[in-house]
Amino acid sequence: MAEKILDADTTSQVKEFFDQMEKPVEILFFSKEGDCRTCGDTRQLVGEVAAISDHISLTEHDIDQESGLAGEYHVDKTPTLVIAGKEDGKLTDYGLRYAGVPSGHEFGSFVKDILLVSRRDSGLGPQMREFLGALSKPLKFLVFFTPT
Amino acid sequence: MEFFDLANQYEVSGVPHTAILDDSGNLLHSVIGGVPEQFMLDELKSKIK
């Protein structure tokens, strides 16, 4: 059995955070057999995270074997994590994607995003909501970070 | 580095780096650093038409 990535203290802190979750969340993990350097680490980390709360379900999808689903979620690289809301078996996509292992400083953002999706609220202020709501065309935000 | 080509495509030399794209994937603006929401809003208002 592989050594756990999350130590007891971190798991306890994340559990305390996840106790504030309100609605179910599903994490879709897109992987690729053979040619994915960090899929193993991502699988283990997200598996440990999902095991912390009953509000989180986790599914894994091969980007090649399930190319239709990958296309539906605009996933073109592995590993990619999609954080979606889940209601009566139906998923709601909020456009959140993590490409690569969400570790290091980004782990906090990953955990926070799971909580935000569970609340079905971005937490953005009224001015930002007004600006974004008035956009006439879609925007895509790519946030680059390091996993350490 | 993971996704080196993607980072190279958007000229990422430091993190965090937020690239804002249109729906065709064209780069509209970049914001470097972890910035407060109001700063990001001001950047968007000034650069995104």
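Every chain is numbered from 1, with letters handed out A, B, ... down the list of sequences. Computed over heavy atoms, backbone and side chain alike; hydrogens, waters and symmetry mates excluded.
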So for [X], is it side chain, backbone, both, or neither that comes closer than 4.5 Å to the heavy atoms of chain B?
X      : answer
A/T78  : backbone
A/F131 : side chain
A/L124 : both

Original post:
Any side-chain heavy atom of B/H17 within less than 4.5 Å of one from A/F145?
Top reply: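 B/H17 does not reach A/F145 side chain to side chain.
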
Original post:
If you count the non-hydrogen atoms of other residues, nucleotides and ligands that lie under 6.0 Å from CG in B/D23, is the total more than 12?
Top reply: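 More than 12 within 6.0 Å, yes.
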
Subject >> Polar side chain donor-acceptor pair, B/D5 to B/Q9, under 3.5 angstrom >> reply: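 There is no such pair between these side chains.
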
**OP:** Please work out whether the ring planes of A/Y73 and A/F30 are parallel, tilted or perpendicular, with thresholds of 30° and 60°.
**Re:**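 Plane angle between 30° and 60°, so tilted.
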
Original post:
By a 4.5 Å heavy-atom criterion (distance strictly below it), what part of B/L28 contacts chain A: side chain, backbone, both, or neither?
Top reply: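 The answer is the side chain of B/L28.
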
